[in-house]
Amino acid sequence: MSAAETAVVSRAEYCVVACAEAWRDNGEVLASPMGLIPSVGARLAKRTFSPDLLLTDGEAMLVGLDGAPEGWLPYRRHLAMVTGGRRHVMMGASQIDRYGNQNISCIGDWERPARQLLGVRGAPVNTLNNPVSYWVPKHSPRVFVEKVDMVCGVGYDNAAAAGPSATRYHRIPRVVSGLGVFDFATPDRSMRLASLHPGVTVERVREATGFALTVPDEVPYTREPTADELRLIREVIDPKRLREREVGS
């Protein structure tokens, strides 16, 4: 890959790297990415800086880098990993608030919602039993809200209110959106802008966020992929460029 080819990195490729970084230093845990860019990110992480990650076909098999089955993952073993903090999920969010509460169930009042979504599904178990990060391709005030209409994934405030049994494994390492990367490294565990994707301004992120976001005095840019990471993304993991469908330039 020439220098000219690696010089232009797309927004989607920055998002892939930002998602991959969620699994850095995780060791031997089950990576459970939900969505295309998180899946590319998990495979990139395993091929580079997190070789001990376990990947699954989403059903009953552990798979290698080429997707070929390498081992059986029976349901009892999967549950043991889930309930012991040995899985790191990256989920989506129809709504997410300042403390990391996530909603994928309904918009509006639960008794008479304006819109029915996926349902709660496994979000509470995921968030209380193992680390959960989030991927939100379209960052807007309709998604980043002051308070979610229904709590599916448990945020830091609700986990703390529930006590030690809820906080033992609860952790939200990062939220990656089409505009930047966010974490909860604040005294009250509210959301903080950790990095901006190149070409994005702090003002744009604030306008697209429906609550007062913590913004440090200096906000770095999301790190660039290395030449080898770009090669892997473009030639090995996602040669059909499906990643570009999720995030605009």
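Treat the numbers as computed from the prediction; the structure is a model and nothing was measured.
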### Query
What distance do Glu207 atom CD and Leu179 atom CG have between them, rounded to the nearest 0.5 Å?
10.5 Å

### Side-chain heavy atoms of Ser177 within contact of Phe182, under 4.5 Å
yes

### Message
With clusters defined by side-chain heavy atoms of hydrophobic residues (ILVMFWY) lying less than 4.5 Å apart, directly or transitively, does Val132 cluster with Tyr169?
### Response
no

### Message
Determine whether a donor-acceptor pair (N or O, by modelled atom type, separation under 3.5 Å) exists between the side chain of Glu246 and the backbone of Ile37.
### Response
yes

### Message
What I'd like to find out is whether the side chain of Arg142 reaches to under 4.5 Å of the side chain of Ser140, using heavy atoms alone.
### Response
yes

#### Entry: Closest heavy-atom pair and its distance - Asn158, Val154
CB-CG1, 3.8 Å

### Task
Search all heavy atoms of His197 against all heavy atoms of Thr222 and return the closest pair with its distance.
ND1-OG1, 2.9 Å

### Side-chain touch Arg206/Val215, heavy atoms, less than 4.5 angstrom
yes

### Task
Would you mind checking if Glu21 and Arg223 are paired as a salt bridge, meaning a charged N to carboxylate O distance below 4.0 Å?
yes

### Task
Assess whether side chain to side chain contact (heavy atoms under 4.5 Å, CB included) is satisfied between Ser105 and Gln116, documenting all intermediate values.
CA-CA 6 Å; Ser105 184; Gln116 180 66 49; 4.2 Å; yes

### Task
Report yes or no: do Ile96 and Ile107 belong to one cluster of Ile/Leu/Val/Met/Phe/Trp/Tyr joined by side chain heavy-atom distances under 4.5 Å?
no

### Message
For the backbone of Val125 and the side chain of Asn129, can you confirm whether one donor and one acceptor N or O come within less than 3.5 Å of each other?
### Response
yes

### Task
Would you mind reporting whether Tyr14 and Val9 have side-chain heavy atoms less than 4.5 Å apart?
yes

### Query
Charged N to carboxylate O under 4.0 angstrom, Lys147 versus Asp97?
no

### Message
Quick check against the 3.5 Å criterion: does Tyr156 have a side-chain atom that pairs as donor or acceptor with the backbone of Ile172?
### Response
yes

### Message
Between Arg243 and Leu36 (side chain of the first, backbone of the second, donor and acceptor by atom type, cut-off under 3.5 Å), is there such a pair?
### Response
no

#### Entry: Side-chain donor-acceptor pair present, Thr186, Asp188, cut-off under 3.5 Å
yes

### Query
Quick one: CE on Met34 to CD1 on Ile104, what's the gap to the nearest 0.5 Å?
8.0 Å

### Message
Checking the side chain of Ser133 only, and the main-chain atoms of Met90 only, is there a donor and an acceptor separated by less than 3.5 Å?
### Response
no

### Message
Show the nearest heavy-atom pair for residues Pro113 and Glu111, with the distance to one decimal.
### Response
CD-C, 3.8 Å

### Query
Which heavy atom in Ala18 sits nearest to a heavy atom in Arg174, and how many Å separate them?
O-NH1, 2.7 Å

### Query
For Val202 and Leu193, what are the C-alpha separation, side-chain angles and deciding distance, and is it a side chain to side chain contact (heavy atoms under 4.5 Å, CB included)?
CA-CA 9 Å; Val202 170; Leu193 177 59; 4.2 Å; yes

### Message
Restricting to non-hydrogen atoms, name the atom on Ala166 and the atom on Leu128 that form the minimum distance, rounded to 0.1 Å.
### Response
O-CD2, 3.6 Å

### Task
Side-chain contact test, heavy atoms from C-beta onward, threshold under 4.5 Å: evaluate it for His88 versus Leu30 and give yes or no.
no

### Task
Decide, yes or no, whether a salt bridge links Glu244 with Arg11 under the criterion of side-chain N to carboxylate O below 4.0 Å.
no

### Query
Could you give the distance from SG (Cys15) to CH2 (Trp135), rounded to the nearest 0.5 Å?
4.0 Å

### Task
Spell out, yes or no, whether Leu118 and Met150 are grouped together once hydrophobic residues are joined by side-chain heavy atoms under 4.5 Å, including indirect joins.
no

### Query
Would you find a donor on one side and an acceptor on the other, under 3.5 Å apart, between the side chain of Thr167 and the backbone of His170?
no

### Task
Report yes or no: do Asn126 and Arg87 form a side-chain donor-acceptor pair below 3.5 Å?
yes

### Task
Using a strict 4.0 Å threshold on nitrogen-to-oxygen distance, state whether Asp183 and Arg192 make a salt bridge.
yes

#### Entry: Heavy-atom side-chain contact between Val205 and Thr209 under 4.5 Å
yes

### Query
OG of Ser32 to CG of Leu55: how many Å apart, nearest 0.5 Å?
9.5 Å

### Query
Are Trp23 and Pro173 side-chain neighbours, meaning at least one heavy-atom pair lies under 4.5 Å?
no

### Message
I'd like to know if Arg231 pairs up with Asp228 as an ion pair, taking the criterion as any Lys NZ or Arg NE/NH1/NH2 lying under 4.0 Å from an Asp or Glu carboxylate oxygen.
### Response
yes

### Query
Under a single-linkage definition using a 4.5 Å side-chain heavy-atom cutoff for Ile, Leu, Val, Met, Phe, Trp and Tyr, are Val89 and Leu54 assigned to the same hydrophobic cluster?
no

### Query
Are Thr214 and Met191 side-chain neighbours, meaning at least one heavy-atom pair lies under 4.5 Å?
no

### Message
With side chain to side chain contact (heavy atoms under 4.5 Å, CB included) as the criterion, how do Val136 and Phe144 come out once you've worked through the C-alpha distance, each side chain's angles and the decisive distance to 0.1 Å?
### Response
CA-CA 9 Å; Val136 182; Phe144 287 74; 3.8 Å; yes

### Message
Do Val236 and Leu53 sit in one hydrophobic cluster, given that two such residues count as connected whenever their side-chain heavy atoms are within less than 4.5 Å of each other, even indirectly?
### Response
yes

### Residues Glu224, Glu229; criterion side chain to side chain contact (heavy atoms under 4.5 Å, CB included); working and verdict
CA-CA 9 Å; Glu224 291 189 0; Glu229 287 173 334; over 6 Å; no

### Query
Looking only at heavy atoms, what is the nearest atom pair of Tyr99 and Arg189, with distance?
CD2-O, 3.4 Å

### Query
Say you draw a straight line from CG of Asn103 to CG of Asp149; how long is it, rounded to the nearest 0.5 Å?
6.0 Å

### Query
Measuring from Ser50:OG to Glu28:CD, what's the distance to the nearest 0.5 Å?
12.5 Å

